[in-house]
2 protein chains.
Amino acid sequence: MATTERKIRETQARTLSQRERILDAASRIVVREGFAALSMRKLADAIGYSPASLYLYFEGRDEIAEALGREGYMQLLAHLEPYAQEADARERLHALAHAYVAFGCGHPQTYELIFMARKGRSGQVGPPERRARGTAGVPDAPHEHADDACGVQLFAATLSELTLASGARADCALLAQALLATLHGAVMLTLARADFATAAPGPVIDAALDAWFGTRAAPGAPRAAKTPDATP
Amino acid sequence: MATTERKIRETQARTLSQRERILDAASRIVVREGFAALSMRKLADAIGYSPASLYLYFEGRDEIAEALGREGYMQLLAHLEPYAQEADARERLHALAHAYVAFGCGHPQTYELIFMARKGRSGQVGPPERRARGTAGVPDAPHEHADDACGVQLFAATLSELTLASGARADCALLAQALLATLHGAVMLTLARADFATAAPGPVIDAALDAWFGTRAAPGAPRAAKTPDATP
DNA sequence: GTCTATATGTCGATAGAC
DNA sequence: GTCTATCGACATATAGAC
């Protein structure tokens, strides 16, 4: 029956937009008050629903957090994208690195959300329970998982270009991981333990990159500060 | 009156040992079930108290978490200490770095505890609201705060030795911060986002150190694996 | 002084009425 | 499809028993 199909489609559309509405309100609460302050009741109030209704669109608070994390990751990638256009590999790497740290420090709650998905309970950090990708043969809804590693690849590609040019003295996949760890660590230390991070993240990243790939500017020149930093 | 003084001392001693008893039980719960599972009720049950009694010794859950974090930090330092004896600066740096990562990955809950003290609510990361310590004029228990930066200095000192020897080409305080960020980031990515950390932390750290200070082993030699790793 | 009993208000989640 | 009512667990505060 055509009418049945139409109804199904309408329901799906409504469900999708409802999910967006909920995520939107949740995002606003998290950015304003932090993730800890996100409760199902407050969220329901914000969109004029009863708390129970939220469970029609999400399995629970965890699924909402996960969706927010994915959303935040897309924002991070979008924030990095412009800097990936830079032609010179060395400049590009610097710009990407600083843009990454600037995003993390400028959007603490969003950044936290991205990296809080999945902790191992009870000591053993068992595999992150490989979720079944794609329910059937379907090409998998838009933004389903948004290939996780694509941010990593952004750095890895630039790195390989750079190390190849300067004589391939290192495993560039490992170095890309190390760079990512440095950026992530710098952000986390700045956000969570200001007492451990005695220096601003910007100069620290510069020092790391310079020690890895040589100073960017001509020797003797003052340290350039044209890269993005602290965008809050 | 002598008896009064004695009574005061006795009370203080009891309070101290009670705090230790509580912290001990809390530590056991956290290591076994993770920090999220630590509730005042469960903790009270574990030591045979009523929940309210805990508030006689601690201001609340947050203060317990903070105390556990300090305790964990001391464990981390104690874990690193043996490796600080190594005479050769380069070897020492490698050993310290790997020991650090091994501790973090081997004791996830403890490591989390160390770095979860103080998050900024609502975006602004205001000062950690200096709480009034010490019930009276007491010199405030031993191990008050155990100078936070002493772990950083451990790395900074070794680093300065190393960079000085090899021609001081970098700001070694900044490099120490960068190294610490790399280690912290490697641990955090491994613990929280196994999907982002595509490589094991050990080789990543090796790659970072090699790119910073040159390969440790003689050129052409197989990558040595005598440093500690994955101690869980 | 030390601890328990109890009360208040929060939370996530669910069952069932409309 | 949405809401009301409610459950069980939680942090915390207070009053008073021993």
(request) Compute the centroid of each ring, for Phe196(B) and then for Phe115(A), and state whether the two points are separated by less than 6.0 Å. (result) yes

Give each protein N/O atom lying under 3.5 Å from an N/O atom of nucleotides 2-5 of chain C, with the pair distance.
| unit_1 | atom_1 | unit_2 | atom_2 | d |
| --- | --- | --- | --- | --- |
| dT2(C) | OP1 | Arg14(B) | NE | 3.3 |
| dT2(C) | OP1 | Arg14(B) | NH2 | 3.1 |
| dC3(C) | OP1 | Tyr49(B) | OH | 3.0 |
| dC3(C) | OP2 | Tyr57(B) | OH | 2.5 |
| dT4(C) | OP2 | Ser50(B) | N | 2.7 |
| dT4(C) | OP2 | Ser53(B) | OG | 3.0 |

(message) Please report the distance, rounded to the nearest Å, between CD1 in Ile29(B) and P in dC10(D).
(response) 11 Å

(message) Whole angstroms only, please: what is the CZ-P distance between Arg61(A) and dA13(C)?
(response) 8 Å

(message) Classify Ile64(A) by what it touches in the nucleic acid, base, sugar-phosphate, or nothing, heavy-atom distance under 4.0 Å.
(response) nothing

Any protein N or O atoms within reach of nucleotides 7-9 of chain C? Criterion: under 3.5 Å, listing atom names and distances.
none

(message) Looking only at the aromatic ring of each residue, does the gap between the centers of Tyr111(A) and His184(A) stay below 6.0 angstrom?
(response) yes

(request) Round to the nearest Å and state the distance from Glu59(B) atom CD to dA11(D) atom P. (result) 16 Å

(request) May I ask you to decide if Ile114(A)'s main-chain N or O and Arg193(B)'s side chain share a donor-acceptor pair within less than 3.5 Å? (result) yes

(message) A cation-pi test, strictly: NZ or CZ of Arg21(A) under 6.0 Å from the centre of the six-membered ring of Tyr49(A) and no more than 45 degrees from its axis. Yes or no?
(response) yes

(message) With a 4.5 Å cut-off on side-chain heavy atoms, are Tyr100(B) and Leu76(B) touching?
(response) yes

(request) Starting from P on dG1(D), measure out to CG on Leu54(A) and report it in whole angstrom. (result) 16 Å

(request) Please report, rounded to the nearest Å, how far the P atom of dA11(D) is from the CD atom of Glu63(B). (result) 15 Å

(message) Under 4.0 Å between a side-chain nitrogen and a carboxylate oxygen: does that hold for Glu33(A) and Arg28(A)?
(response) no

(message) Rounding to an integer number of Å, can you tell me how far Tyr55(B) OH sits from dA11(D) P?
(response) 6 Å

(request) Starting at CD1 of Ile205(B), measure out to CG of Leu183(B) and round the result to the nearest 0.5 Å. (result) 4.5 Å

(message) What is the separation between atom CD on Gln12(B) and atom C1' on dG1(C), rounded to the nearest whole Å?
(response) 14 Å

(message) Between Arg61(B) and Glu66(B), does any side-chain N to carboxylate O distance fall below 4.0 Å?
(response) no

(message) For Thr11(B), is there any backbone N or O sitting under 3.5 Å from a side-chain donor or acceptor partner on Thr15(B)?
(response) yes

(request) Could you check how far NZ of Lys42(B) sits from C1' of dG8(D), rounded to whole Å? (result) 14 Å

